[in-house]
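Computed from heavy atoms alone, side chains included, the values below leave out hydrogens, waters and symmetry copies. This is a predicted model, so every value here is computed, not measured.
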Amino acid sequence: MVRLVQIGNGSARRVSLVDEPHLLCLIGVESIYELASTCIREGASLSRRAQSLATGDSLCYDDVYSTEGEWRLLSPIDVPGRPERVLVSGTGLTHLGSAKDRQAMHAQADATRPVTDSMRMFELGLAGGRPTEGEIGAAPEWFYKGHGDILLPPSAPLTVPAYAEDGGEEAEIAGIYLISSDGTPHRIGMCAGNEFSDHRFEQRNYLNLAGSKLRHCSIGPELVVGAEFRSILGEVSIERGGAPLWQKAIETGEENMSHSLANLE
């Protein structure tokens, strides 16, 4: 398993291997997209190729992360100069704890319906979200967020448009995929993300779900290559004025989901 970041300094870019407390810059590549495309084309291991190229400058990770140095963290995946070639989308109602909140939200809007459509979709996932190899499983909920220009780099402000009613964090694990020239998708890694959406708009009517997702979001800073996805624990927090305002533990990974990763893919 390796961790990669993309950093920028004006028009200059680097891909760096995380070797705490340092970032080791890779030679010969300026984007993870370029590096991953080459590895797919040559049938090479992305993690081993990254390690072999990590012989460039060494930077202090803390300085870059804190924005005190001249380099800034970029989103860990992009197609430089071609944001329209990046698709940002997601799946919902895939976690064992996700349906309870959605059921409560939508039941308030339709008190005459004892089981909401959201809960029915979740139950379909419980019944068919883990098919055996070769079988077709239940389809998860799917939503579209935008193209590459909707992705903001780490530490950048997530803007709430004037017509929105809310800006709400949504901690996620994002899978990063590259579609090769023959149309085959390749998962190149995973990273943390803030899906960010308009929960108040969604609460008015569950049919507003699609529109509530059309907001800026962020992923990163690290692309983790070769990590397992069985059980991932973390904590989400919101700070205001340097003091914690809210925090909550989160659980993800296949052990905490109704769908298998293979079925989502």
Going through the checks in order, is the salt bridge (charged side-chain N to carboxylate O under 4.0 Å, His left out) test met by Asp78 and Arg13? CA-CA 12 Å; Asp78 63 353; Arg13 294 175 54 115; 2.9 Å; yes
With distance as the sole criterion, is a donor-acceptor pair present between the side chains of Thr159 and His216 under 3.5 Å? yes
To the nearest 0.5 Å, atom CG of Leu74 lies from atom CG of Leu151 at 12.0 Å
Should the heavy atoms of other residues, nucleotides or ligands under 6.0 Å from CD of Glu239 be counted, would the total exceed 12? yes
Once you round to the nearest 0.5 Å, how far does CG of Leu178 lie from CG of Leu35? 10.5 Å
For Phe122 and Leu93, the nearest pair of non-hydrogen atoms, with its separation, is CD1-O, 3.7 Å
CD (Glu251) and OG (Ser231) are apart, to the nearest 0.5 Å, by 6.5 Å
As an exercise, state the distance from CD1 of Ile32 to CG of Leu46, rounded to the nearest 0.5 Å. 8.0 Å
Report the C-alpha separation of Glu254 and Leu261 in whole Å, then their side-chain angles, then the decisive distance to 0.1 Å, and conclude whether the side chain to side chain contact (heavy atoms under 4.5 Å, CB included) test is met. CA-CA 7 Å; Glu254 288 189 313; Leu261 180 60; 3.4 Å; yes
Can you list the steps and then say if His259 with Thr91 is a side-chain hydrogen bond (donor to acceptor under 3.5 Å, both in side chains)? CA-CA 10 Å; His259 289 259; Thr91 57; over 6 Å; no
Under the salt bridge (charged side-chain N to carboxylate O under 4.0 Å, His left out) criterion, do Glu202 and Arg200 qualify, and how do the steps go? CA-CA 5 Å; Glu202 180 194 350; Arg200 290 184 182 178; over 6 Å; no
Under the salt bridge (charged side-chain N to carboxylate O under 4.0 Å, His left out) rule, what do Lys145 and Glu195 come out as? Steps first, then yes or no, please. CA-CA 9 Å; Lys145 279 196 69 71; Glu195 197 264 295; 2.8 Å; yes
Determine the minimum heavy-atom distance between Ser212 and Ser197, stating which atoms define it. O-CB, 3.2 Å
Donor on one side chain, acceptor on other, His199 and Glu170, under 3.5 Å: yes
Can you pull out every side chain to side chain donor-acceptor pair (under 3.5 Å) where at least one residue sits in residues 15-31? Sequence neighbours excluded, please. Arg3-Glu20
What verdict does the side chain to side chain contact (heavy atoms under 4.5 Å, CB included) test give for Tyr144 and Val88, after you've listed the backbone C-alpha separation in whole Å, the side-chain angles of each residue and the deciding distance to 0.1 Å? CA-CA 6 Å; Tyr144 166 79; Val88 185; over 6 Å; no
Just how far is it from atom OH of Tyr177 to atom CD1 of Ile188, taken to the nearest 0.5 Å? 10.5 Å
Before you tell me yes or no, could you show the steps for Ile219 and Leu152 under side chain to side chain contact (heavy atoms under 4.5 Å, CB included), namely the whole-Å CA-CA distance, both residues' side-chain angles and the distance that decides it to 0.1 Å? CA-CA 7 Å; Ile219 57 172; Leu152 297 177; over 6 Å; no
Which atom names give the shortest non-hydrogen contact between Met1 and Ala227, and what distance separates them? SD-CB, 3.6 Å
With a 4.5 Å cut-off on side-chain heavy atoms, are Val64 and Asp62 touching? no
Taking atom CG as the centre, does Leu245 end up with more than 12 heavy-atom neighbours from other residues, nucleotides or ligands that are less than 6.0 angstrom away? yes
Take atom OH of Tyr65 as the centre, draw a 6.0 Å sphere, and report whether it contains more than 12 heavy atoms from other residues, nucleotides or ligands. no
Distance check, rounded to the nearest 0.5 Å: Met257 atom CE versus Asn263 atom CG? 9.5 Å
Going through the checks in order, is the side chain to side chain contact (heavy atoms under 4.5 Å, CB included) test met by Leu158 and Glu169? CA-CA 10 Å; Leu158 290 167; Glu169 64 75 31; over 6 Å; no
Thr116 (side chain) donor-acceptor with Met119 (main chain) under 3.5 angstrom: yes
Flag side-chain contact, heavy atom, 4.5 Å: Val5 against Leu23: yes
